[in-house]
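Structure record follows, encoded as structure tokens.
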Amino acid sequence: MSGSIYDELKERGFIAQVSDEAAVRRKLDNEKTTFYIGFDSTAASLHAGSLVPIMAMVHLRRAGHTAVALTGGGTTMVGDPSGKSEMRQMLEEERIRAFGTAIRAQLDRYLRFDQPGAVSLDNADWLKPLNYIEFLRDIGRHFSVNRMLAAEAYKLRLEKGLSFIEFNYQLLQAYDYLMLWRTHKCTLQMGGDDQWGNILAGVDLIRRVEGAAVEAMTFPLLTTASGAKMGKTAQGAVWLDANLFSPYQYFQYWVDCDDRDVGRFLRLYTLLPLDEIRRLEALRDRDINEAKRVLAYEATRLTHGDAAAEEARAGAAAAFGGQGGKDVESLPTTAVPRARLEAGIAPAELFTEVGLTPSRGEAKRLIQQGGLYVNDGRVDALTRLVTLKDAGPDGILLKAGKKKIHRVVPA
RNA sequence: GGGCAGGUACCAAAGUGGUUAAAUGGGACGGGCUGUAAACCCGUUGCGGAAACGCUUCGAAGGUUCGAAUCCUUCCCUGCCCA
């Protein structure tokens, strides 16, 4: 490697826009820099869409820079309208605080705030005590409404409606940057490309108020090759919290990615050396599944740890690799009372109970379409009861479609 | 505050008293083909029921009617124009 962290980030696909490429390159390659990324406190967990900023922090931290992870206890009270088609629902302060705590705990797994080089802050600490009049006079006067209205990020909202509270968001985010510059000598803010306007507002503000030059960098907003937003599935978000989205599901999310995305994802979501990635992404046809498994394993390891990644990999092998032997232990499992199995359980009931189907109606529909399986045998009738006889040494394997699998053991 | 236009299922969007669980498109899901891929083809897409059928749904609450997503009243919300 060239040894340039900037080039590495660039080659891995982390960089969408930079305020001043030469300045940022110099800063990151030659100086110890403190940089920050903000995370909204809008949910109890981050999802895969936040992985790019997280990974960027991990890379820069490893290169010796100091990462400030800022949770938005204050800004989330206001809500960012950038690029959004409508106003987000207002959250209660208490929930925002709880979300922030959960998110900080999640970030801690990647950043280890107890070690040097990573700091966790919440902007509620300085935004909430603000005095309105003072804020308007000190900060508000530096913002041109004309220019804000011209911004691309608000275009949509100028047609569908933009409330005053949201219009203030940019000022608050700019103020965050100013505060971090003052208190932590933070000179680089990063964020999703939809944050470009907000970040530049901060750069501008610091120049006007402090006469200092600070920088901005954004990450590309990723969509999968088929156009879906990164980290979203039809069922919902790909949460980083194991209770909301299990390591097994998480592993499968990565394995299921489009062929065209494998190289890009390996670069962004794993710490594997670029040489290794080039080898993996060169694989073709069925061999590319090998690259997908590596991607899934590495990504799962970063988010859920080595043990969970091993288990998820073993579970996947059991589900898709023919007879998996002991590995079926790793599959999602539900215990069902022996007596109920002796009596026999209607498949629609059982599949719904273990969560493979959302309702009995849906389960019946799938049966009629040949989409439910018991021990790899297709359920051909609604009346085909699942009984104790179906249980082998590993219990009973239920499948909905080819990919969703669940194990039932008698208890 | 005044005028106008709207709020329908995951999304978009028809429907303006019964034949509407609600057209159509997208998405999603299942099957086929494959490589746990893409593309393509077929099918499904409120809940319960083996079925007959029943139940819940069209911003909210009331009302008219044998019968309401459709008519009336009040309320909530959104956009545009005027102030």
Side-chain angles (χ1 to χ4, degrees), chain A residues 81 84-90 154-166 223-229 232-238 248-266 280-297 299-300 312-324 327 330-332 344-349 351-353 355-374 376-385 397-406:
Chain A
K84 297 202 171 57
S85 61
E86 44 195 74
M87 184 162 168
R88 200 150 49 188
Q89 221 187 342
M90 292 274 252
Y154 295 119
K155 269 248 175 66
L156 211 59
R157 298 302 296 275
L158 288 178
E159 282 157 28
K160 299 191 95 178
L162 175 68
S163 74
F164 186 66
I165 180 175
E166 295 176 284
T223 52
T224 65
S226 48
K229 269 204 192 120
K232 294 281 169 71
T233 69
Q235 282 70 248
V238 179
Y248 176 79
Q249 286 176 291
Y250 192 77
F251 185 94
Q252 285 303 128
Y253 172 76
W254 295 105
V255 173
D256 281 340
C257 80
D258 196 299
D259 284 11
R260 293 168 287 177
D261 288 328
V262 175
R264 211 154 54 103
F265 287 1
L266 281 166
L280 287 167
E281 73 181 340
L283 296 172
R284 284 291 168 269
D285 300 322
R286 70 189 311 160
D287 289 336
I288 202 169
N289 286 331
E290 164 66 14
K292 291 183 182 181
R293 278 190 293 270
V294 172
L295 166 66
Y297 178 74
T300 307
R313 178 158 68 181
F320 298 104
Q323 270 58 44
D327 287 344
S330 313
L331 294 173
I345 306 175
E349 186 180 340
F351 276 81
T352 304
E353 199 174 308
L356 283 177
T357 48
S359 69
R360 294 179 189 210
E362 175 71 19
K364 287 174 192 164
R365 212 173 285 133
L366 287 182
I367 291 171
Q368 273 148 15
Q369 296 179 115
L372 293 190
Y373 308 81
V374 172
D376 283 327
R378 187 166 274 169
V379 176
D380 47 13
L382 299 178
T383 51
R384 189 273 191 222
L385 297 182
L397 286 184
L398 306 181
K399 281 216 260 184
K402 294 285 198 291
K403 293 190 187 176
K404 276 167 289 178
I405 187 160
H406 201 95

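Note: hydrogens, waters and symmetry copies are ignored here, and every other heavy atom, side chains too, is used. Bear in mind that the values here come from a model prediction, so they are computed numbers and not experimental data. In the text below, chain A, chain B and the rest are named by the order of the sequence lines, each starting its count at 1.
- Residue Asp287(A) places no side-chain atom within donor-acceptor reach of the base of G35(B), judged by atom type and a 3.5 Å distance cut-off alone.
- Not one side-chain nitrogen or oxygen of Lys292(A) sits closer than 4.0 Å to the OP1 or OP2 atom of U36(B).
- U57(B) is unpaired under the criterion used here, namely a Watson-Crick or G-U wobble arrangement in which both key atom distances are under 3.5 Å.
- Among the protein residues, Asp259(A) comes within range of the nucleic acid bases, having at least one heavy atom under 4.0 Å from a base atom.
- Both Lys403(A) and Arg378(A) lie near RNA chain B, and the one whose nearest nucleotide falls closer to the 5' end is Arg378(A).
- The backbone N or O of Asp376(A) sits nowhere less than 3.5 Å from a side-chain atom of Lys399(A) that would complete a donor-acceptor pair.
- Across the strands present, C71(B) finds its partner in G63(B); the criterion is a Watson-Crick or G-U wobble pair with both atom distances under 3.5 angstrom.
- A donor and an acceptor atom never sit less than 3.5 Å apart when one is taken from the side chain of Glu362(A) and the other from the base of U45(B).
- Between Arg365(A) and the phosphate of C47(B), there is a side-chain N or O to OP1/OP2 separation shorter than 4.0 Å.
- No hydrogens or angles were tested; on distance alone, a donor-acceptor pair under 3.5 Å links the side chain of Gln369(A) to the base of G43(B).
- The existence of a salt bridge linking Asp261(A) and Arg264(A) is confirmed by a sub-4.0 Å separation between a basic side-chain nitrogen and an acidic carboxylate oxygen.
- Rounded to the nearest Å, the gap between the P atom of C10(B) and that of U45(B) is 15 Å.
- Across all strands shown, nothing is found opposite A52(B) as a Watson-Crick or G-U wobble partner with both distances under 3.5 Å.
- Nucleotides U56(B) and G48(B), compared at atom P, are 15 Å apart to the nearest Å.
- Nucleotide U78(B): paired with A5(B) (Watson-Crick or G-U wobble, both distances less than 3.5 Å).
- Asp259(A) places a side-chain heavy atom less than 4.5 Å from the side chain of Lys292(A).
- Considering every non-hydrogen atom in both Ala316(A) and Phe251(A), the closest pair reads CB-CE2, 3.6 Å.
- Lys404(A) comes within contact range of the sugar-phosphate backbone alone, with a heavy-atom separation under 4.0 Å but no base atom that close.
- Where Thr383(A) and Tyr373(A) each meet RNA chain B at their nearest nucleotide, the meeting point lying more 5' is that of Tyr373(A).
- Put simply, the side chain of Arg313(A) never gets that close to the backbone of Tyr297(A): no donor and acceptor are under 3.5 Å apart.
- Rounded to the nearest Å, the gap between the C1' atom of G3(B) and that of G54(B) is 47 Å.
- Rounded to the nearest Å, the gap between the C1' atom of U57(B) and that of C42(B) is 30 Å.
- Nucleic acid contact class of Gln368(A) (heavy atoms, under 4.0 Å, all strands): none.
- Counting non-hydrogen atoms under 4.0 angstrom, Ile288(A) reaches a base of the nucleic acid.
- The P atoms of U19(B) and C53(B) are separated by 15 Å, rounded to the nearest whole Å.
- Look at the C1' atom in both G17(B) and C66(B): the space between them is 12 Å, to the nearest Å.
- Using a 4.0 Å cut-off, some side-chain N or O of Lys402(A) falls inside it from OP1 or OP2 of G32(B).
- Here G48(B) is the nucleotide among U36(B), A38(B), G48(B) with the atom lying nearest to any side-chain atom of Ser359(A).
- The partner of G43(B) is C29(B), judged by Watson-Crick or G-U wobble contacts that both fall below 3.5 Å.
- Contact annotation for Leu158(A): backbone-only contact, meaning every heavy-atom pair under 4.0 Å involves sugar-phosphate atoms and none involves a base.
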